[in-house]
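Just follow the structure's listing: the first ligand is 1, and inside any ligand the first atom is 1. Positions are given from 1 along the sequence.
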Amino acid sequence: MQQINHLIDGVSVAGTSGRTAPVYNPATGAQSGELALASVEEIDAAVASAQAAFEGWKNTSIAKRTKLMFNYRNLVVENADEIAARLTAEHGKVLSDAGGEVARAIENIEFACGLADHLKGSYSEMASTGVDVYSVRRPLGVVAGITPFNFPAMVPLWMIPNAVACGNTFVLKPSERDPSAPLFIAELFQEAGFPPGVLNVVQGDKVAVDRLLVHPDVKALSFVGSTPIAKYVYETGTAHGKRVQALAGAKNHMVVLPDADIDLAADSAVSAAYGSAGERCMAISVVVAVGDVADPLIDAIKTRVDKLVIGDGTDPASEMGPLITAEARDRTAGYVQAGIDAGATAVVDGREANFDNDGFFLGVSLLDNVTPDMTCYTDEIFGPVLSVVRTDTYQQSVQLIRDNPWGNGAAIFTRDGGAARQFQEDADAGMVGINVPIPVPVGYHSFGGWKDSAFGDTTIYGPEGIHFYTKPKVLTSRWPDPAGSAVNLGFPTNQ
Ligand code: NAD
């Protein structure tokens with residue numbers, strides 16, 4: 001059984017709290033690790049380490065910081081397969097998907113490698129006679145990241161590279177479900193040459209989060225997770241004077257217009273709904289089929305679903321792995337039953353799939369005739385269930401998205417440029433895809449939803465990440481008329 005520790009001040013530290021949590025391999029259902037859960041003292045030690053490292057780190061030259069960030073980028077690239085293997089072992093996602101997660105994570109490190117450009121500031125010469133005004137962005141101090149189970153490597157790397165590039169030091173509290181990959185990327189960070197204390201990892205649960213939320217030396221918190229916890233983190237953190245960005249849950253709609261390319265829409269719906277067992281905050285969970293596209297689209301999705309290979313993520317043939325826990329599997333199955341009880345039609349019922357092992361597997365479900373009052377529509381399932389809501393018009397489809405409390409992503413499938421452009425305007429969501437089901441922005445844009453999908457006014461990574469992890473300082477300077485200078489500058493009056 002693997003013992004999974006904290007990383008505090010550059011040293012692997014076993015827990016002293018006496019509390020631990022089991023970590024499972026979801027593909028076998030067997031416990032694979034024992035995770036130390038931090039006490040308040042361990043959180044305090046990690047924050048103290050980060051605080052002690054801050055002064056030196058913020059005064060480290062941009063040239064040195066850039067070099068270290070490039071070292072780190074190269075180490076993550078070299079170790080991409082190992083990171084992916086750890087993701088699959090504890091999260092369950094298939095290896096190809098895990099590799100995709102690492103690739104998206106690397107984008108964020110590469111963005112931070114350009115820190116010299118991002119931190120240039122601005123300058124106004126001669127705002128008044130002899131007066132110049134310039135703005136710089138300064139680091140905040142110790143910042144903390146609290147991350148979810150579904151992207152255990154990528155989400156921490158949405159935060160750490162930008163925060164550290166800006167001169168902050170960092171305390172990461174990863175999900176307790178799959179902590180090995182985030183711990184490993186932190187070990188690579190040390191190996192890249194960053195000083196001890198610049199990045200600390202504390203394993204833990206609510207005890208750890210609650211301490212970070214009130215610790216006076218934590219200046220900012222980036223959170224990614226479910227909506228109720230995001231709201232709690234946002235409210236508690238800001239009440240304690242911290243800058244908080246809290247990205248939350250989702251219910252993403254994919255509108256398919258009657259003129260859409262059915263094959264493209266069906267391929268996209270299947271990969272976006274069932275990839276990573278539906279455990280993505282940008283997963284498509286509702287297909288809104290407009291007019292007579294519904295029947296051919298559902299047939300095309302069903303044809304693909306029937307061929308989907310579900311199995312251990314380490315098997316290259318597998319296209320979808322297990323869910324994260326037995327509870328998540330059972331909760332998802334419960335939503336399928338509730339949908340059927342409420343009048344939905346199970347075109348495919350994932351509970352009928354058989355798996356001859358103890359892993360947390362569930363087949364995929366496709367529910368037709370879903371209406372907005374059903375729990376399979378109102379709740380974030382976070383499992384492999386795709387609901388189809390039929391509408392008569394584009395307007396009704398847009399209204400559904402507007403009425404939904406979440407607003408992370410939304411997509412439209414159409415061949416009509418005018419309709420697509422109109423949807424860009426109408427979709428009440430932070431990230432919109434046109435014939436792209438999962439419009440996760442590249443690392444040089446920023447990621448974040450609207451409404452109950454995000455709390456706080458700054459989205460994550462990219463330019464908004466730089467903004468979040470820095471505070472502005474504006475300097476105004478006046479120098480006397482050079483003619484009156486005590487130093488001989490060669491002006492006639494000085495001679
Ligand atoms: P979660 O909210 O259960 O956990 C997230 C983090 O909060 C973990 O580190 C966990 O230890 C901590 N936490 C859990 N309960 C807590 C409590 N009561 N008090 C304090 N801290 C607590 O989320 P999850 O199940 O790990 O992840 C899935 C959720 O994350 C989904 O809702 C998904 O949509 C969301 N998510 C959102 C985004 C986004 O960018 N909007 C990205 C990924 C995941």
Atom indices of ligand 1, in the order listed, that fall short of 4.0 Å to a heavy atom of [X]:
X: N408; value: 41 (N)
X: V209; value: 20 (C), 21 (N)
X: I146; value: 6 (C), 7 (O), 9 (O)
X: L247; value: 39 (C), 40 (O), 41 (N)
X: F382; value: 28 (C), 31 (C), 33 (C), 34 (O)
X: F447; value: 39 (C), 40 (O)
X: N150; value: 43 (C), 44 (C)

Of all the non-hydrogen atoms in the protein, which one sits nearest to [atom], and at what distance?
atom: atom 23 (O) of ligand 1; answer: S226 N, 3.5 Å
atom: atom 15 (N) of ligand 1; answer: I229 CD1, 3.6 Å
atom: atom 27 (O) of ligand 1; answer: P148 CB, 3.3 Å

Side chain, backbone, both or neither: [X] near ligand 1, heavy atoms under 4.0 Å:
X: R280; answer: neither
X: V155; answer: neither
X: F151; answer: neither
X: W158; answer: side chain
X: A230; answer: neither

Hey, are the side chains of [X] and [Y] touching, using non-hydrogen atoms and a 4.5 Å cut-off?
X: V288; Y: L400; answer: yes
X: T378; Y: D373; answer: no
X: F447; Y: W158; answer: yes
X: V370; Y: V286; answer: no
X: N25; Y: Q31; answer: no
X: N5; Y: V13; answer: no
X: H91; Y: E279; answer: yes
X: L87; Y: E101; answer: yes

Are any of the protein's heavy atoms under 4.0 angstrom from atom 2 (O) of ligand 1, yes or no?
yes
Output side-chain donor-acceptor pairs under 3.5 Å for residues 164-174, partner residues at least two apart or in another chain, one line each.
unit_1 : atom_1 : unit_2 : atom_2 : d
N168   : OD1    : L140   : N      : 2.6
N168   : OD1    : G141   : N      : 3.1
N168   : ND2    : A163   : O      : 2.9
N168   : ND2    : Y469   : O      : 2.9
T169   : OG1    : A50    : O      : 2.8
K173   : NZ     : G204   : O      : 2.8

Go through it in stages, so that I can follow the logic: the residues are D178 and I324, the test is side chain to side chain contact (heavy atoms under 4.5 Å, CB included), and I'd like the CA-CA distance, side-chain angles, deciding distance and then a yes or no.
CA-CA 9 Å; D178 40 19; I324 184 72; 4.1 Å; yes
Counting only heavy atoms, tell me which of G249, C281, G204, G225 gets closest to atom 35 (C) of ligand 1.
G225
Using heavy-atom distances, let me know which of A248, A454, G449 sits nearest atom 41 (N) of ligand 1.
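Shortest heavy-atom distance from atom 41 (N) of ligand 1: A248.
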Do ligand 1 and [X] have nitrogen or oxygen atoms that lie under 3.5 Å from each other?
X: E380; answer: yes
X: D210; answer: no
X: E176; answer: yes

Step through it carefully: locate the ring centre of H118, locate the ring centre of Y444, and say whether they are under 6.0 Å apart.
no
If you look at every heavy atom in S49 and G197, which pair is closest and at what distance?
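So the minimum-distance heavy-atom pair works out to OG-CA, 3.1 Å.
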So, is the end of the R86 side chain (NZ or CZ) under 6.0 Å from the ring centre of F184 and within 45° of the ring's axis?
yes
